[in-house]
Amino acid sequence: MGAALTLADVDSPLRVPFTLLLLVGAPALSIGAALGRTSPLARAVVALAGALALDLLVAQGMLALHLWSVRGGTLTVAALSGAVLLLTALARARRARTGRAG
């Protein structure tokens with residue numbers, strides 16, 4: 001919802017909260033999924049810290065390259081989060097196919 005409101009440039013009071021939820025939630029969920037069988041508290045702390053680090057690195061990189069835009073930042077964070085989630089799913093499928101636990 002946050003990405004849709006941001007990309008469509010909808011003038012809504014819900015746009016900012018949903019976009020912030022996307023910018024923190026998507027990377028946190030993908031990093032949390034990649035952590036596997038760690039304790040829930042450790043997974044939550046590392047996922048939140050990783051999400052904030054990813055957001056800051058994306059913003060810093062885009063500013064350094066003079067490419068900053070709200071739409072571009074949102075798309076970049078969403079794409080990186082999707083890539084992490086996809087790589088996690090592929091690694092789990094590969095481990096399941098070979099019979100290794102993980």
Side-chain angles (χ1 to χ4, degrees):
M1 182 63 97
L5 290 173
T6 300
L7 295 176
D9 200 24
V10 175
D11 191 23
S12 169
L14 298 175
R15 181 173 134 182
V16 172
F18 280 139
T19 302
L20 289 174
L21 184 63
L22 170 84
L23 290 174
V24 175
L29 288 175
S30 64
I31 292 169
L35 291 175
R37 293 192 215 178
T38 58
S39 71
L41 180 61
R43 188 178 326 145
V45 169
V46 171
L48 183 61
L52 293 175
L54 178 71
D55 289 340
L56 290 172
L57 287 171
V58 166
Q60 184 177 4
M62 291 181 79
L63 285 171
L65 296 172
H66 302 288
L67 296 173
W68 174 250
S69 72
V70 175
R71 288 182 181 142
T74 303
L75 282 175
T76 303
V77 169
L80 290 173
S81 299
V84 169
L85 199 56
L86 179 65
L87 291 173
T88 301
L90 291 174
R92 285 187 181 170
R94 183 174 155 206
R95 276 191 300 247
R97 209 179 12 218
T98 60
R100 285 186 272 162

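Keep in mind it's a predicted model, so treat the numbers as computed, not measured.
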What are the two closest heavy atoms between [X] and [Y], and how far apart are they?
X: A28; Y: A47; value: O-CB, 3.3 Å
X: I31; Y: G50; value: CD1-C, 3.5 Å
X: S69; Y: G72; value: OG-N, 2.9 Å
X: A34; Y: V84; value: CB-CG1, 4.5 Å

Is the shortest heavy-atom distance from the side chain of [X] to the side chain of [Y] under 4.5 Å?
X: R94; Y: L90; result: no
X: L22; Y: T74; result: yes
X: P27; Y: D55; result: yes

Could you give the distance from [atom1] ([X]) to [atom2] ([Y]), rounded to the nearest 0.5 Å?
X: L86; Y: S81; atom1: CG; atom2: OG; answer: 12.5 Å
X: L80; Y: L85; atom1: CG; atom2: CG; answer: 12.5 Å
X: L65; Y: Q60; atom1: CG; atom2: CD; answer: 10.5 Å

Hydrophobic cluster membership, L29 vs L35, 4.5 Å side-chain cutoff =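 No, because L29 and L35 fall into different hydrophobic clusters, even though each may have its own neighbours under 4.5 Å.
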Cluster check L54, L63: I/L/V/M/F/W/Y, side chain < 4.5 angstrom |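 Shared cluster, yes.
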